[in-house]
Amino acid sequence: MILTIHRGTHEIGGSSVELELDGFHLLLDFGMPLVGNDGDDFVLPAGKSIEEFISDGILPNIHRIYGGGEPTEAAVLLSHAHTDHSGFLRFLNPAIPVYMTFGTEALLKVSSIFPPKTPMLVNTRIVEVWKKIKVGPFEVTPYLVDHSAPDAVAFLIEGGGKRLFYTGDFRATGRKKVVYENLIKNPPGSIDYMICEGTMLDRLEEQPVQEQDLEEQLVKILRDSNQPVFLFASGQNIDRLVTAFRSCKRSGRILIIDLYTAYILEKLKPLSDSLPQADWENIRIKYWKGHADFLVEGNENNFLYKIKAKRISMDELKVLSPNTLILTRDNATFMQLMKHLPHNIKPRLFWSMWNGYLQKSKHVKPYAEKYGLSIEHLHTSGHATSAQIKLLIEALNPGKVIPMHTFSPKEFEKIADNLLYLKDGQSVEMK
Ligand SMILES: [Zn+2]
């Protein structure tokens, strides 16, 4: 079995790993970079051909996996829906099967209707967690993990007499932390290689905040204040949506979401009965024309019809706002809301994403500065701390640990000793 990490050995984003056995190419994730060569946010150059992307080092040079025609023998295992793991699937030959969980497919569908409107794959194969499947010459077992993307998995891959564990992205502080604890207690044995994410290794070690703690903090905030509270969170961070909903329920507030978020919840409904839905009590929906238009274009009129009674008008929101928690994002809709809400009430603003994104904020940060409002923080990361990574490495006890999904692979030296450092594009025979 030959292993090549095409991208991700020295960065967070663009995750793309290839295993080759008996002429079969198994890709683990096929992500778009987050950071470009200039150190700025990565932007996919427009109007270039696949050949140009390959020669520019943007797409990995893997024979016959792109475009149409007869593809090479290949398959993709997708750990979760975040763009840094899935963003380049659009270039893949549509005949190549892409294996993913139900929740991952649901989120990719949402991204095909709402911007970036990434075309949906045609050859999706849904995997069940813990259930071993055969993919070409490999045997693959998806392991459910706790991450900020719902239904994210790690993979155990067996082939050529070797066992490899690919962590994908994981943490141990979310609403699914029990799956991390169970993995520590009952790890798959005899792991030869572990490809391990290390996002947090070079970030300041903070006491990990549990999602449950955020709920307690938010309940207190909602009970103690009589202003509208804004929570800036990703609509795809399902744990955070649950936190927002439960906090509203416990404090008697109304949770305001937009159509995009309502649609994500609808699509993920089969995952859990405790996932809040737009037609539940305590939830109202703020319509934005753009969102409604995308749903109509995506033939989702039935969904719009089903939830229309939950729509909240701007006039109603004006009156109710001191008793709401408004889930929003750093975009023009926030500015629209601020324009219409009563000027005598100062809102409380909570940033519920990675702090790095706040530094690039185009709307809320300038707004808060202009009106002298403070932006408070209410967040826990989607990634494991170094102590949590160390525990997992010890539990799996692999022959070799291969660092990935980190800007500082050398930081692994503090938590593991049997390290195998790879460079992007370097191939190794797994003996
Ligand atoms: Zn990632």
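All values below were derived from every heavy atom in this structure, side-chain atoms included, with hydrogens, water molecules and symmetry-related copies excluded. All ligand and atom numbering here is 1-based and tracks the order in the structure. Quick caveat: nothing in here was measured; it's all calculated off a predicted structure.
When distances from the Zn ion (ligand 1) to the N, O or S atoms of Asp169 are compared, OD2 comes out shortest. Asp84 contributes OD2 as its N, O or S atom closest to the Zn ion (ligand 1).
Taking backbone and side-chain atoms together, Glu197 has no N/O/S atom less than 2.8 Å away from the Zn ion (ligand 1). Put simply, His80 stays out of reach of the Zn ion (ligand 1), with no N, O or S atom under 2.8 Å from it. Among the atoms of His82, none of the N, O or S atoms falls under 2.8 Å from the Zn ion (ligand 1).
Rounded to 10°, the angle formed at the Zn ion (ligand 1) by His85 NE2 and His405 NE2 is 100°.
When each of Leu255, Leu218, Leu214 is checked for a side-chain contact (heavy atoms from CB on, under 4.5 Å) with Ser247, only Leu218 meets the rule. Put simply, the residue from Arg240, Glu376, Arg329, His377 that forms a side chain to side chain donor-acceptor pair (under 3.5 Å) with Ser352 is Arg240.
Residues passing the side-chain hydrogen bond (donor to acceptor under 3.5 Å, both in side chains) test with Glu52 are Ser49, sequence neighbours excluded. Among residues two or more places apart in sequence or in another chain, the salt bridge (charged side-chain N to carboxylate O under 4.0 Å, His left out) test is passed with Asp169 by none.
In this structure, Lys410 satisfies the cation-pi test against Tyr421, with its NZ or CZ atom closer than 6.0 Å to the six-membered ring centre and inside 45 degrees of the ring normal.
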